[in-house]
S.K.: 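Starting off with a structure, shown below.
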Amino acid sequence: MGNELLKTVYSPENFRKKGHELVDQLADHLSASLNGTSDKVIRWTPPEDEYTYWKNFLENGDTTQLFPKIIEHSTHVHNPKYIGHQVGPPAPMASLAGLISALLNNGMAVYEMGMAPTAMERIITEFICSKIGYGENSRGFLTSGGTLANLTALLSARKAILKHDIWNMGNDGELGIMVCEEAHYCIERAAKIMGLGTKGIITIPATDNYSMDVSLLEEYYQKAVKEKLTVFAIVGSAPSTATGVFDNLEAIARFALKHNIWFHVDGAHGGASIFSPKYRPTLKGMDQADSVVIDGHKMMMMPTITTALLFKNGNHSHSTFSQKADYLLEQSEHEDWYNLAKRTFECTKTMMSIQWYTLLKTYGEAVFDAYVTTLYDLGSYFGERIEKNPQFELAVRPMSNIVCFRYIDGRSTTADLNHLNERIRQRLLEEGEYYIVQTKLRGVHYLRTTIMNPFTTPKDLNLLLDRVKTLALDISTSD
Ligand SMILES: *Cc1c(COP(=O)(O)O)cnc(C)c1O
């Protein structure tokens, strides 16, 4: 009986049939989303209702409707009016590549469990290293997300910079890292996981335009040293998540070099502009970083979750988790680069390099330039439109495809406007025609957009502004 069930589960014919059906459903979905013929980006329901829906579905739902209903109840990132978070619309070829991983399920921890993707991973990371401007000794690997990659990089930094062998001996004394107040929250989380505590996170204030105030670095460093902190790393954001503003990586590089501390660049979002001749200057100084993080699932058209972590000195990419700190460093000529779990946080991970390799092989690196350049261009267009419109205010002139703005009326207090913009965003969410998000910067509530879809048009952006205005009036008069 059980055996019969399992035979059904693994039936190749069933897979073929269902697979074709699913690809057809997804292709129809893609077509409707891209053309904007599907009316909504999101059919928002309150979490409790969604929970009840799927509880009932498990009991009474029609199994043939399972996949279509999942599609219906998800946010449609391929819709040009999806202008919210930084997770983007994957290139369908990359999604298909992900299916290979989902079925072949090679675990990637050791070479035999993923020979092709292990080799591809080396090729891809070498390629990215060369695009960053790193030399021959650079190396990297792929890992599950920017959050994990940032933690891994800071662990590498600690191992590389400190004389004391914390990995084996445990911590003695107090350690610190320097990072701008605008950095992604995962940096603070990484520092706390590493036991640095609040005191160990030396938070550098941002300038008026939300980038790290590098004029304060020396002062904050000296103060930390006086308090007996051993500062071992500084993190630059390229760009920071909330505003999309880039830190001055060149200045940070100079500072790190002067004090012999590790320089890490969190380029989860914007690192991909190494492929855009037009926007590459946003990353000036990144080639001097000891380590760099770039998310594939943000600005590189890949499905979640895949991140590249690159090291200027490849030896460090091997030593982070090694028990004997010096062993691998000495033997780097013969390091078994192909047994990836020695170098990554994960034991098992997906065959994520296939997605990078597939895009590169199918379309060439020009595809990454086309994507990043198109989206950053749209960001700057949208910024200009907002700037020219007296009913809107930019948080900061956009440096990327992240644009934060708010509706203003020239009369209300900050608190009233905060409330109004919050309600505008909630109404937009419930309407579902557009999907945008929100952020609070220095007590001011902003609508936050990330233009992730290269088929979002200037017209879509202008219509969004019109919609926000209409909602603002509607809310104001109904109060
Ligand atoms: C998105 C983001 C992260 C987190 O990356 P995940 O892949 O979501 O874990 C870290 N830093 C920055 C700057 C980001 O934009």
Side-chain angles (χ1 to χ4, degrees), residues 75 77 83-90 94 98 128 140-155 157 177-193 201 203-204 206 210-212 233-249 252 263-274 279 282-283 286 289 291-310 344-346 349-350 352 355-356 371-372 375-376 379 395-396 398-404 437-439 441 448-452:
T75 302
V77 298
I83 323 176
H85 285 293
Q86 294 159 281
V87 172
I128 302 170
F141 49 78
L142 301 179
T143 191
S144 303
T147 299
L148 201 61
N150 280 321
L151 172 58
T152 309
L154 288 174
L155 287 167
I177 61 161
M178 301 174 76
V179 64
C180 179
E181 58 176 331
E182 285 297 321
H184 192 272
Y185 73 85
C186 72
I187 303 293
E188 177 181 343
R189 185 175 287 183
K192 295 227 162 127
I193 290 168
I201 303 163
T203 307
I204 312 299
Y210 302 98
S211 81
M212 181 191 280
I234 182 164
V235 180
S237 301
S240 68
T241 304
T243 60
V245 166
F246 291 78
D247 286 339
N248 181 342
L249 303 180
I252 301 173
F263 173 29
H264 175 64
V265 171
D266 180 1
H269 184 86
S273 65
I274 47 173
Y279 290 106
T282 52
L283 301 173
M286 189 167 88
S291 53
V292 171
V293 160
I294 304 176
D295 271 352
H297 51 283
K298 287 201 177 139
M299 294 298 288
M300 296 191 69
M301 291 175 288
M302 277 166 250
T304 53
I305 191 171
T306 175
T307 299
L309 173 56
L310 301 318
T344 58
F345 232 104
E346 301 99 322
K349 74 177 185 191
T350 62
M352 49 182 79
Q355 296 152 19
W356 299 71
Y371 185 74
V372 172
L375 295 174
Y376 279 28
V396 58
M399 289 177 80
S400 64
N401 54 332
I402 298 175
V403 184
C404 298
V437 294
Q438 57 194 343
T439 189
L441 299 166
R448 177 171 173 273
T449 57
T450 313
I451 306 165
M452 293 302 288

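For reference, positions follow the sequence shown, starting with 1. Being a predicted model, the structure only gives us computed values, none of them experimental. First listed ligand is number 1; within each ligand, the first listed atom is number 1. For the numbers below, each heavy atom of this structure counts, side chains included, while hydrogens, waters and symmetry mates do not.
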S.K.: What heavy-atom pair brings L151 and I193 nearest, and what distance separates the two atoms?
M.R.: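 Shortest heavy-atom separation between L151 and I193 comes out as CD2-CD1, 4.1 Å.
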
S.K.: Please give me the minimum heavy-atom distance between A308 and I128, naming the atom from each residue.
M.R.: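 Closest approach of A308 to I128: CB-CD1, 3.9 Å.
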
S.K.: Quick one: NE2 on H269 to CE on M300, what's the gap to the nearest 0.5 Å?
M.R.: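 Answer rounded to 0.5 Å: 12.5 Å.
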
S.K.: S240 to ligand 1: N or O pair under 3.5 Å?
M.R.: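 No, there is no polar N/O contact under 3.5 Å.
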
S.K.: What are the two closest non-hydrogen atoms of A94 and Q355, and how far apart are they?
M.R.: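 Heavy atoms only, the tightest pair is O-CG, 3.5 Å.
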
S.K.: Can you list the atoms of ligand 1 that are under 4.0 Å from a heavy atom of A268?
M.R.: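 Numbered from 1, ligand 1 contributes 2 (C), 3 (C), 10 (C), 11 (N), 12 (C), 14 (C).
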
S.K.: Does ligand 1 have a heavy atom under 4.0 Å from the side chain of T147, from its backbone, from both, or from neither?
M.R.: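 Contact part for T147 vs ligand 1: both backbone and side chain.
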
S.K.: Do any N/O atoms on H269 end up under 3.5 angstrom from N/O atoms on ligand 1?
M.R.: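 No, there is no polar N/O contact under 3.5 Å.
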
S.K.: What's the spacing between D266 CG and I294 CD1 if we round to 0.5 Å?
M.R.: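 One finds 10.5 Å between CG of D266 and CD1 of I294.
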
S.K.: Among all protein heavy atoms in this structure, tell me which lies nearest to atom 11 (N) of ligand 1, with the distance rounded to 0.1 Å.
M.R.: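 Here the closest protein heavy atom is D266 OD2, 2.6 Å.
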
S.K.: Within ligand 1, which atoms have a heavy atom of G145 less than 4.0 Å away?
M.R.: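 Answer for ligand 1: 7 (O), 9 (O).
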
S.K.: What residues, two or more places apart in sequence or in another chain, satisfy side chain to side chain contact (heavy atoms under 4.5 Å, CB included) together with E182?
M.R.: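 C180, A206, Y210, S240, A242, T243, L441.
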
S.K.: Hey, which atoms in ligand 1 end up nearer than 4.0 Å to a heavy atom of D295?
M.R.: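 Once the distances to D295 are compared, the set is 5 (O), 6 (P), 7 (O).
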
S.K.: Keeping the roles fixed (side chain from K349, backbone from L142), state whether a donor-acceptor pair exists under 3.5 Å.
M.R.: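 Pair found, side chain donor or acceptor close to backbone of L142.
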
S.K.: Give the atom numbers and elements of ligand 1 that come within less than 4.0 Å of a heavy atom of G146.
M.R.: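 Listed by number with element: 5 (O), 6 (P), 7 (O), 9 (O).
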
S.K.: Nearest heavy atom to atom 1 (C) of ligand 1: which of Q86, M299, K298, H184 does it belong to?
M.R.: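 Of the listed residues, K298 has the closest heavy atom.
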
S.K.: Could you see which bit of P239 sits under 4.0 Å from ligand 1, with heavy atoms only: side chain, backbone, both or neither?
M.R.: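 For P239, only backbone atoms sit under 4.0 Å from ligand 1.
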
